[in-house]
Student: 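Structure provided below as structure tokens; questions to follow.
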Amino acid sequence: MSLPLLPRPPGLLPGLLLGLLLGLLSACNNSPYPVGAERENTLFYSFDERSPRYLDPTASYANPESAYTYQIYEPLYGYHYLKRPYELIAKAAAAVVQPRFIDAQGQTLPADASADKIAESIYDIPIRPGIKFQPHPAFARDAQGQLLYHKLSREALGAKRSPFDFAVQGSRELEAEDFVYALKRHATTRIEAPVFSVFAEYVIGLKEYAEQVKREDAKLLADLPPDSRDKPFLDFRRWPLAGAQALDKYTLRIRLKGKYPQWSYWLAMPFMAPVPWEADAFYAQPGMNENGLSLNQWPIGTGPYLMAEFVRDRRHVMRRNPNFRGETYPCEGMPEDKALHLLDDCGKTMPFIDTLYVTIEKERVPRKEKFKQGYLDVPEIERPEWGVEFNNDAEDSDAIAKLYRERGFNFPLMTDISTWYLGFNMLDPVVGQGDTPEQHTKNRKLRQAIAIAVDWEEGYGRIFKYKGGVAAHSPVPPGLFGSREGEPGFFNPVTHRLLDGKLVRRPIEDARQLLVEAGYPEGRDARSGKPLLLNYDFQRALTPEFKSENDWMVKQFAKLGIQLEIRATDFNQYQDKTVKGRHQIFWAGWLADYPDAENFMFLLYGPNAKSKTNGENIANYENPAFDALYRQLQGLADGPAKQAVIDQMVVIAQQDSPWCMGFFPWGGLAFQQWVHNGKPSILIRDMAKYYRLDPAQRAQLQARWNPPVLWPLGLVGLALLALAGLAWRSFRARERMTARPPQKAI
């Protein structure tokens, strides 16, 4: 029998050609986004390392999370985008209100009554009618008006991992009761509530309410294993809270103990954003947590944007909320704003941008390059140091300065109401409070010695200028009432001295003497002779730029003979470590929540300790005298009495040294020329709705700055010629091949 010729695999050559053509197209376009994305009304920027841990407004209190929460939620108040000093304005509220004061007998007091006479402050806040929550299945109802997705079994939930996997979306109008529910949730036992300790000191009945919720929740969880991820709905509507009530559908009443002028500032933060009870009930159903369905990934807000995609540690996409009430761009600002074209959009309805597209960039250098290529409209939306870094690059190189001018980058700078510091965990036996008066004194001298040795002027004044600033002498940044930073004669006497009329850091010999008195001569334990080894809990993974900073920090400790061990983690792991009190020496920063010294002093307030109450006192510092002064500070308006209290608190903090005071950073943002209305601010975090894009200009300039890479064309041409040659040889071989002669049968 004859053997037939083997057939050529069908479609092989077209498939190869298709692959080559796709390779050609990709070689001609190095954009990291889908083709045509640059022409869409989308803001492209990046996030660092990991996805946000908490987007639940009760738990979220980290700067990286604010890039999402402030775009999605709408608190009662906010800040005027352009005016400085900052001015509170109404958001979900219809007006910014002043409290009504009453005494212990319930009699109304005048507005200027002294704090010692005020028993209660009452805030009656009107809510804007007509505000609606974003579309979400938690609100969906059937034809009979019953909630459609509130009795789901695990099987019915199936593989759904997004609210948009549900066929029906619903909504409803915002009510005063949603703010009552939000305030009650700070008494939760289910999640971290970092400001509960602050709120519980003032909101009438909140501390007792938390005890009641704890008892009721224990009943709900009694028959469940401790590690169960499915927990029944904790319905805060069941128990009234004396300090919060809805007088009617559109009137919220909040009652505070005594006088607390800073309360209005808290109402401008997502902690007091409305939370519908339907959200808790919906996400409490079986399988939701396991499928990644919770407020931490999928918030439910009334703000200008909603979370449309949440791809952990890769991408987050927020889209325009179709139910947003609309808000007009401001028509007033500072004298210079008109010349800077910051008033061009006066009276126009916001938001201007349809989509916020956020992708992960783990390292700084690639992020900078993408910005220079035009593929990032802003490097990060919430970080306040990018403008400083780009400006420093331009100062160091004429070629870079020329490139930046040609590309029209905009790097506005600002005075930063923020601080960076090196902190000590006061629960730690070596660097902390100490168990005995003798150990307390020795540990304090160890902290003081380290505070002298860490030369912030060198590190963040001369070496790391791209993120540097001015050495701090207190916790209170310049620009806030009560700060004496920069005033003649004001300095931290623990770390600095006046020499020939100039302020200089104390000599390292002073630090070494303190180390001897602390029991560690030349960095060795005087009793055992072992080297002193301390752990530095850094809040980021060690990328190259962070490694250089950590190497510098190791050298600062080495001046004293102390060995510093770097324990770097990503930010989420760092948060876990500090909550559990497993940190020793740590690096932390604080961006102002509101323009008051109290917002920085509360970082050292004992009842706000991180490892005890989930507060923001990461040092777990506790000093009865400091705490008593802090409670006085909370009831004082700006004036001599408040200044005197702040001065006393600063002296205590300097002497106890729970922090190496660190530095107050310079601030600035970075914008492409097609991004309009960019104005730097620490306090204004809902900035995305103010930004406006020119996508056509972006597309044009991206194409100009990133011309096609043409060398792959030559490779494709050579490959096509080679394929043609192979095809010709195959064809000729087939034409010349003859059939084999038939074989004889046996």
Side-chain angles (χ1 to χ4, degrees), residues 79 83-88 96 98-104 108-121 123 198 201-202 256-268 415-419 470-496 498 503 590 592-608 617 621 623-656 658-659 661 664 682-683:
Y79 293 96
K83 290 183 180 180
R84 307 291 185 271
Y86 292 102
E87 177 184 309
L88 278 175
V96 175
Q98 295 301 314
R100 176 168 56 89
F101 302 129
I102 61 174
D103 62 18
T108 299
L109 295 171
D112 59 353
S114 60
D116 60 330
K117 295 181 179 178
I118 298 173
E120 190 173 316
S121 302
Y123 293 76
V198 178
E201 283 199 36
Y202 286 97
L256 305 184
K257 301 172 190 172
K259 182 181 181 182
Y260 185 32
Q262 294 83 7
W263 179 251
S264 292
Y265 296 134
W266 286 107
L267 301 184
T415 302
D416 217 352
I417 310 176
S418 61
T419 187
V470 179
H473 293 265
S474 80
V476 185
L480 295 179
F481 178 85
S483 175
R484 293 196 183 277
E485 297 288 338
E487 289 186 7
F490 174 77
F491 60 93
N492 183 356
V494 171
T495 57
H496 288 72
L498 286 172
L503 186 62
W590 190 255
D593 291 321
Y594 47 85
D596 196 286
E598 186 249 4
N599 187 230
F600 287 84
M601 290 303 196
F602 97 128
L603 300 174
L604 292 170
Y605 180 48
N608 199 30
N617 176 0
Y621 174 64
N623 180 307
F626 186 95
D627 291 349
L629 288 165
Y630 176 82
R631 287 189 284 271
Q632 288 184 44
L633 176 67
Q634 290 178 300
L636 295 173
D638 293 353
K642 184 174 181 178
Q643 182 68 67
V645 168
I646 292 172
D647 289 343
Q648 294 177 67
M649 297 174 76
V650 166
V651 169
I652 294 172
Q654 289 172 337
Q655 291 300 316
D656 277 355
W659 294 356
M661 292 298 175
F664 301 123
I682 288 296
L683 292 182

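Just so you know, residue 1 is the first one in the sequence shown, and it goes up from there.
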Student: Hey, what do you get for CD1 (Ile118) to CZ (Phe101), rounding to the nearest 0.5 Å?
Tutor: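 It comes to 4.5 Å.
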Student: What distance do Ile652 atom CD1 and Asp627 atom CG have between them, rounded to the nearest 0.5 Å?
Tutor: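 CG of Asp627 is found 9.0 Å from CD1 of Ile652.
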Student: Would you say the side-chain atoms of Ser121 pair up with the backbone N or O of Gly258, donor to acceptor, closer than 3.5 Å?
Tutor: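 Yes, because the side chain of Ser121 sits within donor-acceptor range (under 3.5 Å) of the backbone of Gly258.
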Student: Taking all heavy atoms of Val645 and all of Leu636, pick out the closest pair and write down the distance.
Tutor: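 Looking at all heavy atoms of both residues, the closest pair is CG2-CD1, 3.8 Å.
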Student: Let me confirm one number: the OH-CZ distance from Tyr123 to Arg100, rounded to the nearest 0.5 Å.
Tutor: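 It is 12.5 Å, given to the nearest 0.5 Å.
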Student: Can you label the angle between the Tyr265 ring and the Tyr79 ring as parallel, tilted or perpendicular, going by 30° and 60°?
Tutor: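 Ring orientation of Tyr265 relative to Tyr79: parallel.
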Student: Taking side chain to side chain donor-acceptor pair (under 3.5 Å) as the definition, give me every residue that meets it alongside Gln654, ordered by chain and number, with sequence neighbours left out.
Tutor: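 Not a single residue meets the side chain to side chain donor-acceptor pair (under 3.5 Å) criterion with Gln654.
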Student: So how far is it from Met601 CE to Leu480 CG, rounded to the nearest 0.5 Å?
Tutor: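 So the CE of Met601 and the CG of Leu480 are separated by 10.5 Å.
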Student: Provide the closest heavy-atom pair for Met661 versus Asn492 in the form atom of the first, atom of the second, distance.
Tutor: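 Minimum heavy-atom separation between Met661 and Asn492: CG-ND2, 4.1 Å.
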Student: Give the minimum heavy-atom separation between Gly482 and Val476, together with the two atoms involved.
Tutor: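 It is C-CG1, 4.5 Å.
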Student: Begin from the C-alpha positions of Tyr630 and Gln632 and carry the test side-chain contact (heavy atoms from CB on, under 4.5 Å) through to its verdict.
Tutor: CA-CA 5 Å; Tyr630 176 82; Gln632 288 184 44; over 6 Å; no
Student: Any chance you could lay out the side-chain contact (heavy atoms from CB on, under 4.5 Å) test for Tyr605 and Val198, step after step, and finish with the verdict?
Tutor: CA-CA 10 Å; Tyr605 180 48; Val198 178; 5.7 Å; no
Student: Rounded at 0.5 Å granularity, tell me how far OH in Tyr594 sits from CG in Leu267.
Tutor: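 Tyr594 OH to Leu267 CG: 11.0 Å, rounded to 0.5 Å.
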Student: Indicate the atoms forming the closest heavy-atom contact of Ser474 with Phe490, along with that distance.
Tutor: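 Nearest pair, atom of Ser474 first, then Phe490: CB-CZ, 4.0 Å.
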Student: Using only heavy-atom distances, determine whether the side chains of Tyr260 and Glu598 contain a donor-acceptor pair under 3.5 Å.
Tutor: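 Present: a donor and an acceptor within the cut-off.
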Student: Which heavy atom of Ala597 sits nearest to which heavy atom of Phe481, and what is that distance?
Tutor: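 Minimum heavy-atom separation between Ala597 and Phe481: CB-O, 3.6 Å.
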Student: Hey, does Pro475 have a side-chain heavy atom less than 4.5 Å from the side chain of Thr419?
Tutor: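 A side-chain contact under 4.5 Å is absent here.
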Student: Can you confirm whether Asp103 sits close enough to Lys117 that some side-chain heavy atom of one is under 4.5 Å from a side-chain heavy atom of the other?
Tutor: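 Asp103 vs Lys117: side chains apart.
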Student: Using side-chain heavy atoms (C-beta onward) and a distance below 4.5 Å, is Pro493 in contact with Gln655?
Tutor: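 When only atoms from C-beta onward are counted, Gln655 and Pro493 do touch, with a gap below 4.5 Å.
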Student: Testing the basics here: between Asn617 and Leu604, what is the closest heavy-atom pair and its distance to 0.1 Å?
Tutor: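 Taking Asn617 first and Leu604 second, the nearest heavy atoms are ND2-C, 3.6 Å.
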Student: Which residue pairs pass the salt bridge (charged side-chain N to carboxylate O under 4.0 Å, His left out) test when at least one of the two sits in residues 470-486, sequence neighbours left out?
Tutor: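 Passing the test, one end in residues 470-486: Arg484-Glu487, Arg484-Asp647.
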Student: Judged by modelled atom types alone, do Gln262 and Tyr202 share a side-chain donor-acceptor pair under 3.5 Å?
Tutor: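 The answer is no; no qualifying pair exists.
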Student: Could you tell me the separation between the CG atom of Leu633 and the CZ atom of Phe626, rounded to the nearest 0.5 Å?
Tutor: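 Here the rounded value is 8.5 Å.
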Student: For Lys83, which residues count as a salt bridge (charged side-chain N to carboxylate O under 4.0 Å, His left out) partner, sequence neighbours excluded?
Tutor: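 Lys83: salt bridge (charged side-chain N to carboxylate O under 4.0 Å, His left out) contacts with Glu87, Glu332.
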Student: Start with the C-alpha gap between Glu201 and Asn608, add the side-chain angles, then the distance that decides, and say whether side-chain contact (heavy atoms from CB on, under 4.5 Å) holds.
Tutor: CA-CA 11 Å; Glu201 283 199 36; Asn608 199 30; over 6 Å; no
